[in-house]
Amino acid sequence: MSASQSAVRSRAEAVAVSRTFDWMILFTLFTAVLGGYHIHYMLTGGDWDFWSDWKDRRLWVTVAPIVSITFPAAVQAMLWYRYRLPVGATICVLALLLGEWINRYMNFWGWTYFPVNFCFPSNLMPGAIVLDVILMLGGSMTLTAVVGGLAWGLLFYPGNWPIIAPLHVPVEYNGMMFTLADLQGYHYVRTGTPEYIRMVEKGTLRTFGKDVAPVSAFFSGFVSVIIYFLWHFFGKWFNKTDFISGENV
Amino acid sequence: MKIIKDKVAKLSFVALLITMTAAIFYTPTASAHGEKSQAAFMRMRTIHWFDLNWSKDEVAINETMTISGKFHVFAGWPETVDKPEVAFLNIGIPGPVFIRAGSWIGDQLVPRSVSLELGETYTFKVLLKARRPGDWHVHTMLNVEGGGPIIGPGKWVTITGSMGQFVNPLVTLTGDTIDLEDYALDNIYFWHALWYAIGLAWLVFWAKRPMFIPRHIAVSSGKADTLISAGDKKVGIAFALGTMVLVAGSMASTNEKYPVTTPLQAGLMRGMVPIDMPATSVVVKVEDATYRVPGRAMQMTLTITNNGDSAVRLGEFMTASVRFLDADVLEDESGYPDDLLAEEGLTSSDNSPLAPGETRTVNVTASDAAWEVYRLADLIYDPDSRFAGLLFFFDEDGNRQMVMVDAPLIPSFI
């Protein structure tokens with residue numbers, strides 16, 4: 001067979017090869033995103049995602065969406081411009097959460113015996129689905145950034161509240177009040193994570209009384225819009241094929 | 001000859017592979033906490049732990065033990081380390097092999113960070129409940145913001161039993177009795193599994209049709225708009241609306257199920273109450289101090305004045321948790337860790353009782369392998385080559401006086 005001959009001999013073979021490529025590319029994309037996004041999120045979100053006693057109503061709500069909208073924006077740009085596939089954010093979050101759960105179960109629990117109810121990851125799926133659907137319906141990166149980015153920030157806390165609420169039940173312990181999450185942080189010793197490192201309930205939103213989570217979520221959404229734009233351009237830039245010669249690339 | 005060389009090369013490569021493979025079967029327990037690698041001046045001139053007591057050497061799962069004692073916050077705190085204005089009484093163990101059931105400075109429970117004063121001495125107690133079987137090195141520890149972990153002496157404690165027996169029962173303020181060890185775990189798994197399944201369904205909806213090559217061809221040929229059908233949009237709207245309804249509904253039902261929740265508790269605890277140490281009537285002036293590298297010994301020339309009303313003798317020099325004792329004056333009965341105890345490590349040119357009103361200049365030597373083992377000799381390479389420690393003097397009735405010393409140290413290499 002010469003280089004100018006086709007590798008397939010029929011349409012059925014071409015379809016089969018195409019589907020094989022689909023699964024290969026999907027698998028490769030999934031695992032590459034799993035690795036890259038996981039490292040990125042661990043380095044930027046880190047302890048806020050690791051520990052229940054970091055999941056507060058101010059900084060966790062603010063930081064986690066801002067640092068996590070990055071890869072979804074970039075992968076959305078790639079999959080939308082090249083393939084019109086509105087699944088970029090969902091693939092990213094599926095990959096991230098799979099990696100997170102492997103990490104939490106194998107490392108945090110399997111190696112160091114921190115209970116899983118203390119070190120479970122944050123749930124980013126609601127925002128991812130809405131982000132993908134907005135892109136599909138609007139077909140506009142600007143609209144997705146503004147509306148989707150805001151939704152990404154706003155959906156984060158309510159999407160996680162059913163998971164963390166039981167750990168915010170108060171308990172009296174040796175004459176002081178804790179939430180159960182605080183008590184987990186106190187009981188399950190982290191030698192390298194002293195209490196003062198914990199960045200929770202810090203800030204100047206005191207005029208909002210106890211209703212700071214929505215304000216934090218709005219702020220997070222606004223910043224997520226900006227981060228979306230930035231990472232969307234990263235995605236487009238990385239998606240260039242300048243290094244490949246050919247007509248249809 | 002070439003054949004022999006090739007064979008040797010091949011066999012060498014096989015041997016290398018076998019060696020590397022065999023290495024995975026050797027997995028010794030990592031039990032150190034890095035205490036020896038911490039800069040010597042930090043261990044000598046920050047927190048001095050003394051009068052320590054580990055209540056047990058062996059505990060069963062669910063049983064408790066305490067570590068108690070005192071720590072002195074050194075007045076000559078080094079400039080290169082932030083002062084302990086924000087500090088946390090921690091415990092140096094390899095992960096949650098115990099749970100910290102309580103920790104106190106004085107009578108105050110200290111689950112949060114605290115502010116400490118230089119030059120003061122505090123009592124402390126840490127209550128530990130055994131969780132994971134094994135032999136564990138249990139250290140005292142104070143974390144200082146801007147300074148890092150300052151680790152104290154460690155002692156081996158054995159936990160027996162099975163981790164499956166461990167329980168951590170609590171009664172919440174809403175009256176529920178729970179086991180914190182696995183509380184709400186099913187709820188966490190359920191919500192994560194549900195949302196993962198929804199996300200997977202969205203992906204499968206798109207992955208069940210040709211994805212990359214045909215779509216790329218269509219986009220490249222200007223037919224991108226044909227790739228999203230009206231049906232796709234309807235399904236997308238259903239996913240988005242379903243997501244928002246599920247989020248709102250689950251939040252409402254959660255609030256109904258848990259009507260009482262509070263924010264995470266945080267804040268700095270000030271006003272830790274130090275103890276009143278007995279008034280010191282002994283005054284010590286360090287004339288000079290040298291560390292003799294070949295002999296693993298520190299020599300100090302001290303001018304000691306006894307302003308009290310009873311004769312005293314020098315019994316102990318303690319620095320960086322290493323205790324050098326003069327066996328004629330003091331014998332340890334606390335079960336202090338052997339590797340940190342030089343029972344005959346302190347000698348003096350004249351350690352006869354120093355009478356009231358008397359002043360004497362003596363040469364004191366603190367020598368032990370611990371200088372090397374605990375890498376205190378590295379002090380000579382530290383950025384602030386000073387030594388510091390506590391001297392303990394005793395009168396005939398056994399009354400103790402604690403005197404701090406802090407002075408430059410000159411290394412001697414011959």
Side-chain angles (χ1 to χ4, degrees), chain A residues 18 21-22 25-26 53 56-57 82-85 87 90-91 93-94 97 112-117 120 123 125-126 128-130 133 136-137 155 158-159 161-163 165-172 174-184 186-189 191 194-196 200-201 248, chain B residues 86 88 90-93 95-96 99-100 102 109 111-113 132 143 145 170 172-174 180-185 187-188 191-192 195-196 198-200 202-203 206-207 210-216 219-220 224 227-228 233 236 239-240 243 247 250-251 254 258 260-266:
Chain A
S18 169
F21 267 109
D22 280 350
I25 294 168
L26 194 60
D53 68 335
D56 73 336
R57 54 190 184 160
R82 292 280 171 194
Y83 309 102
R84 278 294 185 276
L85 275 172
V87 293
T90 306
I91 283 180
V93 171
L94 285 169
L97 284 180
T112 47
Y113 295 88
F114 286 104
V116 175
N117 64 358
F120 55 89
N123 174 26
M125 197 59 78
I129 292 170
V130 170
V133 173
M136 184 193 71
L137 295 176
L155 285 170
W161 182 243
I163 303 170
L167 295 165
H168 282 240
V169 172
V171 61
E172 186 266 331
N174 283 321
M176 289 179 74
M177 194 188 81
F178 296 76
T179 66
L180 290 170
D182 292 315
L183 207 53
Q184 286 179 311
Y186 182 57
H187 275 181
Y188 298 100
V189 176
T191 306
E195 197 273 342
Y196 53 75
V200 299
E201 293 296 329
N248 295 319
Chain B
V86 180
F88 180 64
N90 210 333
I91 193 78
I93 51 177
I99 65 162
R100 177 175 32 223
L109 183 78
R112 300 186 200 141
S113 301
R132 185 180 164 206
N143 294 83
E145 190 175 43
L170 289 164
T172 67
L173 283 176
T174 53
L180 195 57
E181 186 74 1
D182 58 7
Y183 170 68
L185 198 53
N187 181 65
I188 293 165
W191 284 111
H192 268 276
W195 280 110
Y196 205 88
I198 294 170
L200 211 54
W202 177 245
L203 179 61
W206 292 96
M211 291 183 82
F212 295 105
I213 296 174
R215 295 181 80 90
H216 181 247
V219 171
S220 302
L227 293 173
I228 307 286
K233 290 185 178 178
F239 264 91
T243 294
V247 167
S250 61
M251 189 167 183
T254 301
Y258 300 98
V260 179
T261 56
T262 53
L264 297 180
Q265 303 293 295

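So that the names make sense, note that chain A is the first sequence line, chain B the second, and so on, each numbered from 1. None of the values given here were measured: they were computed from a predicted structure.
Between B:E181 and A:Y188, some side-chain heavy-atom pair lies under the 4.5 Å cut-off. Two residues are said to be in side-chain contact when any heavy atoms from C-beta on lie closer than 4.5 Å; A:W161 and A:R57 fail this criterion. Put simply, the side chain of A:P126 does not reach to within 4.5 Å of the side chain of A:I129, judged on heavy atoms. Here the side chains of B:L173 and A:V169 are not in contact, with every heavy-atom distance at 4.5 Å or above. Within the 4.5 Å cutoff, the side chain of A:Y186 has heavy atoms near those of the B:R100 side chain. Between A:M177 and A:V171 there is no side-chain heavy-atom pair separated by less than 4.5 Å. Between A:H187 and A:F178 there is no side-chain heavy-atom pair separated by less than 4.5 Å.
The minimum heavy-atom distance linking A:P170 with B:T261 is given by the pair CD-CA, 4.3 Å. The minimum heavy-atom distance linking B:G92 with A:T191 is given by the pair CA-CG2, 4.1 Å.
With a 4.5 Å cut-off on non-hydrogen atoms, A:F120 touches chain B through its side chain but not through its backbone. Proximity to chain B involves both the backbone and the side chain of A:I163, based on heavy atoms less than 4.5 angstrom apart. For chain A, the nearby parts of B:L109 are the backbone and the side chain; heavy atoms of each come within less than 4.5 Å. Contacts of B:I91 with chain A are made by both backbone and side-chain atoms, with heavy-atom separations under 4.5 Å. Residue contact with chain A, scored on non-hydrogen atoms closer than 4.5 Å, involves the backbone and the side chain of B:S113 alike. Proximity to chain B is absent for every atom of A:A128, based on heavy atoms less than 4.5 angstrom apart. When heavy atoms are compared at a cutoff of 4.5 Å, B:R112 approaches chain A by way of both its backbone and its side chain. Of the two parts of A:L180, the backbone and the side chain both hold a non-hydrogen atom closer than 4.5 Å to a non-hydrogen atom of chain B.
Per-residue heavy-atom pair counts under 4.5 Å with chain B were compared for A:N174, A:V130, A:V200, and the maximum is reached by A:N174. Heavy-atom pairs under 4.5 Å with chain A were tallied for B:A184, B:A240, B:P111; the largest tally goes to B:P111. For the options B:F239, B:Y183, B:W191, heavy-atom pairs under 4.5 Å to chain A are most numerous at B:Y183. When B:M251, B:M211, B:K233 are compared by the number of non-hydrogen pairs under 4.5 Å with chain A, B:M211 comes out ahead. Interface remark: of the candidates B:P96, B:S250, B:A266, B:P96 forms the most heavy-atom pairs closer than 4.5 Å to chain A. When each of A:V87, A:D182, A:T90, A:L183 is checked for heavy-atom pairs under 4.5 Å with chain B, A:D182 comes out on top. Comparing A:I91, A:L94, A:L26 by heavy-atom pairs within less than 4.5 Å of chain B, the highest count is held by A:L94. When each of B:I198, B:V219, B:L227, B:I213 is scored by its heavy-atom pairs under 4.5 Å with chain A, the top score falls to B:V219. Listed options B:P214, B:G95, B:P263 were ranked by heavy-atom pairs under 4.5 angstrom with chain A; first place goes to B:P263.
Using bins of under 30°, 30° to 60° and over 60° for the plane-to-plane angle, the ring pair B:F212/A:Y83 lands in the perpendicular bin.
With respect to A:Q184, the side chain to side chain donor-acceptor pair (under 3.5 Å) criterion is satisfied by exactly one of A:T179, A:N117, A:D53: A:N117.
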